[in-house]
Amino acid sequence: MKNNIKSIKISGAEAVIHSLLAEGVVLIYGYPGGAIMPIYDELYKFQEKLQHVLTRHEQGAAHAAQGYARTSGRVGVAVATSGPGATNLVTGIADAQIDSTPIVCITGQVASNLLGSDAFQETDIIGISTPVTKWNYQITKASEIPSILSKAFYIAKSGRPGPVLIDITKDAQFEEFDFKYEHCRGIRSYKPVPDLNIDLLKDAAEIINKAKKPMIVWGQGVVLGQAEEILKEFIEHSGIPAVWTILGASAIPTSHPLNKGMVGMHGNYGPNILTNECDVLIAIGMRFDDRVTGKLETYAKQAKVIHFEIDPAEINKNVYADVAVLGDCKISLKKIIPLINQDAYSSWIYRFDSLMEIENEKVIKNDLFPTKKGLTMGESIRIINKYTKGDAVIVTDVGQHQMVACRYTNFIKSKSNITSGGLGTMGFALPAAIGAKMGAPGRQVITIIGDGGFQMTIQELGTIFQTKIAVKIVVLNNGFLGMVRQWQQMFFDKRYASTEMVNPDFVKIAKGYYIDAERVSERNNLDAAVSRMLSSDKPYFLEICVEKEDNVFPMIPTGASVSDIRLS
């Protein structure tokens with residue numbers, strides 16, 4: 001449906017479908033119910049143009065929409081009914097808000113004359129979702145639908161992306177009006193991309209050119225801004241070593257010689273230690289999350305900080321920036337490259353490499369090539385790398401397996417690392433992998449999950465069975481809530497309070513959903529099992545039984561400085 005078309009008289013419910021089609025939406029995730037039924041009735045009529053995926057829980061719909069958005073680069077869409085349907089979306093919405101994922105959630109609501117009366121399945125989803133959405137709005141008149149949905153998509157995908165929720169009363173879905181759709185091109189008082197200040201760019205270049213020990217830290221903003229190639233050019237032109245936050249992983253190939261690893265609580269040894277030795281820290285599309293900075297009072301105090309950022313709210317929020325370059329980093333980096341001198345920084349880069357040798361000897365070698373009898377999470381990732389050659393989308397849940405997967409997975413393409421970063425949502429991975437595969441159907445999608453997180457959204461195996469989406473599911477089963485157990489071991493004298501899991505037979509459950517499945521507990525069977533999984537053109541479930549008390553190192557204890565990172 002194009003702009004400036006002749007208006008047609010249709011119901012509000014049909015207007016929702018036409019609006020989605022006008023925005024180029026081809027796929028939505030959801031779960032029907034009474035207050036959203038008129039929209040589902042219209043959706044039935046348009047199912048050849050707009051595919052609906054029935055998830056088994058509304059949280060799964062939100063996470064699937066996130067996964068789709070993260071791999072496709074488009075806006076994900078989730079639909080739910082009022083009351084519990086709407087509130088079940090909130091965890092996924094909150095996850096999308098803190099990780100800057102563009103999704104539009106549409107919820108049904110009781111009729112407008114019942115608002116505020118505690119009617120059946122009435123919940124104030126606008127009040128509930130306000131803190132965790134970029135914008136939300138309740139529609140009570142059908143005539144508002146096209147303009148509000150157009151605005152919703154514009155807000156969700158522009159500037160720093162995020163989730164938008166639109167709540168539509170049931171009477172507005174039935175009401176008829178003259179429909180005409182116009183794409184939102186801008187909103188007064190909303191400026192999604194700040195103007196670039198060239199003088200500040202010159203100031204940043206001057207500081208960088210005087211540096212002896214500069215370090216680049218990039219985050220997901222590079223991926224969201226489609227600035228991967230220009231970042232690579234900036235790194236190669238300047239010769240500056242670069243490191244990444246967990247959500248920035250895969251923007252630059254893992255094998256790039258100036259890619260020096262991950263920062264943060266379970267990041268690499270060198271990047272964390274050298275954060276407090278660099279003389280210039282260049283932050284690009286990252287927000288100085290506490291898992292990256294550790295103790296703020298000691299974070300990079302010796303360095304001049306240059307912050308490339310699209311969201312003014314992030315400037316000086318956690319870390320003071322000597323120069324803050326606001327704007328689209330794709331444009332900012334392109335303009336600063338001609339101003340930057342080239343340098344090899346040989347002795348400085350040697351520091352990264354020498355610290356990596358220490359980490360390799362004390363940690364990595366034992367993780368990837370263990371001598372102990374039991375299987376490790378690290379060697380599981382190593383075998384997966386062997387078959388994917390780095391050309392796969394890895395979707396991780398939250399916990400030890402997440403840190404191991406992000407540390408050891410080889411990436412050669414951007415948009416290959418899909419994880420719950422800021423909110424740390426257990427249960428994210430399985431439904432997100434469904435969306436990720438549908439957003440990148442030509443790519444191998446492997447989800448790595450712990451036995452705890454898997455059981456939080458295990459019902460989405462039903463969605464995989466019904467859709468036949470060829471997601472590969474790997475559960476690293478250590479019989480514990482592993483990350484919490486590690487903390488209990490290190491800081492609570494091994495008092496494993498409520499962290500040991502008594503698990504069901506996951507293989508039988510997967511087979512109950514008609515998904516090919518197997519379990520591996522012996523090292524000599526691992527390679528062949530991974531090969532079988534990845535050669536299958538169907539969904540596949542692989543449970544890998546790993547060491548129960550394996551810990552993830554390096555580690556920065558909570559509240560400690562990045563310099564206090566531990567190798568054991």
Side-chain angles (χ1 to χ4, degrees), residues 207-208 211-219 235 238-249 252 254-284 286-307 318-322 343-368 378 400 402-404 406-408 421 486-487 490-491 551-568:
I207 291 172
I208 293 169
K212 302 298 181 186
K213 297 187 290 183
M215 183 170 81
I216 294 168
V217 183
W218 86 78
I235 291 169
S238 65
I240 299 173
V243 300
W244 37 273
T245 69
I246 191 170
L247 288 177
I252 302 296
T254 308
S255 60
H256 193 286
L258 288 173
N259 182 341
K260 297 302 179 182
M262 183 170 77
V263 291
M265 180 172 282
H266 289 285
N268 292 107
Y269 189 54
N272 279 298
I273 290 287
L274 298 179
T275 295
N276 281 356
E277 292 185 22
C278 67
D279 57 5
V280 175
L281 192 153
I282 305 159
I284 305 172
M286 55 88 75
R287 58 187 179 84
F288 293 108
D289 174 74
D290 63 294
R291 286 295 174 103
V292 167
T293 64
K295 187 178 181 180
L296 275 173
E297 291 79 7
T298 61
Y299 182 80
K301 291 302 179 183
Q302 78 294 336
K304 288 189 178 294
V305 175
I306 297 167
H307 196 176
N318 294 324
V319 173
Y320 172 78
D322 294 272
D343 200 322
Y345 300 106
S346 302
S347 59
W348 176 232
I349 288 174
Y350 176 76
R351 285 281 289 141
F352 283 88
D353 295 341
S354 61
L355 290 171
M356 179 56 80
E357 287 180 14
I358 294 171
E359 182 181 344
N360 185 63
E361 186 63 30
K362 294 190 175 182
V363 177
I364 297 174
K365 186 169 66 175
N366 296 325
D367 282 350
L368 301 185
Q400 287 180 312
Q402 175 191 33
M403 297 297 110
V404 171
C406 290
R407 280 174 52 78
Y408 294 133
Q486 177 170 337
W487 284 44
M490 295 177 66
F491 309 117
N551 289 333
V552 182
F553 289 104
M555 178 181 180
I556 303 168
T558 300
S561 167
V562 291
S563 300
D564 297 327
I565 187 168
R566 296 172 54 172
L567 291 172
S568 62

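Only heavy atoms go into these numbers, but all of them, side chains included; no hydrogens, no water, no symmetry mates.
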For this session: Looking only at non-hydrogen atoms, find the nearest pair between P554 and L567 and report the distance.
Result: CG-CD2, 3.7 Å
Exercise. Do you know which two heavy atoms are closest between P271 and G261, and how far apart they sit?
Worked result: CG-C, 4.3 Å
Seminar exercise, completed: The side-chain contact (heavy atoms from CB on, under 4.5 Å) partner of K260 among D353, N268, I216 is D353
Exercise. Any sub-3.5 Å donor-acceptor pair from H307's side-chain atoms to M286's backbone N or O?
Worked result: yes
Seminar exercise, completed: The reported gap from CG in L274 to CG in L281 (rounded to nearest 0.5 angstrom) is 11.0 Å
Exercise. Got a sec, which pairs hit salt bridge (charged side-chain N to carboxylate O under 4.0 Å, His left out) with one end in residues 554-568, sequence neighbours left out?
Worked result: none
Problem set entry | Expected output: side-chain D322 to main-chain I306 donor-acceptor under 3.5 Å | no
Problem set entry | CD (Q302) with more than 12 external heavy atoms under 6.0 Å | yes
Problem set entry | Between CG on residue N259 and CD1 on residue I235, distance to nearest 0.5 Å | 7.5 Å
Exercise. Closest heavy-atom contact between A303 and C278?
Worked result: CB-O, 3.4 Å
For this session: Find the distance between CD (Q486) and CZ (F553) and round it off to the nearest 0.5 Å.
Result: 5.0 Å
Problem set entry | Nearest non-hydrogen partners of N276 and S563, listed with the distance | ND2-OG, 2.8 Å
Exercise. Would a 4.5 Å heavy-atom cut-off, applied to side chains only, mark M262 and I246 as touching?
Worked result: yes
Exercise. Hey, does I240 have a side-chain heavy atom less than 4.5 Å from the side chain of Y345?
Worked result: yes
For this session: Rounded to the nearest 0.5 Å, what's the gap from CD1 on I208 to CD1 on I282? Could you check?
Result: 4.0 Å
Seminar exercise, completed: One should read off an interatomic distance between Y269 OH and I556 CD1, to the nearest 0.5 angstrom, of 11.0 Å
Exercise. How long is the span from the CD1 atom in I364 to the CD1 atom in I358, to the nearest 0.5 Å?
Worked result: 11.5 Å
Problem set entry | Distance-minimising heavy-atom pair for F352 and P241 | CE1-CG, 3.5 Å
For this session: Could you tell me whether a side-chain N or O of W348 sits under 3.5 Å from a main-chain N or O of K212, the two making a donor and an acceptor?
Result: no
Name the atoms and distances for all side-chain donor-acceptor pairs under 3.5 Å in residues 288-301, with sequence neighbours left out.
residue: D289; atom: OD2; partner: R291; partner atom: N; Å: 2.8
residue: T298; atom: OG1; partner: K295; partner atom: O; Å: 3.1
residue: T298; atom: OG1; partner: S561; partner atom: OG; Å: 3.1

Exercise. So, the side chain of W218 versus the backbone of T245: is there a donor-acceptor pair under 3.5 Å, distance only?
Worked result: no
Seminar exercise, completed: Nearest heavy-atom contact between Y408 and G378 is CD1-CA, 4.1 Å
Exercise. How would you list all residue pairs meeting salt bridge (charged side-chain N to carboxylate O under 4.0 Å, His left out) that involve residues 268-283, not counting sequence neighbours?
Worked result: E277-R351
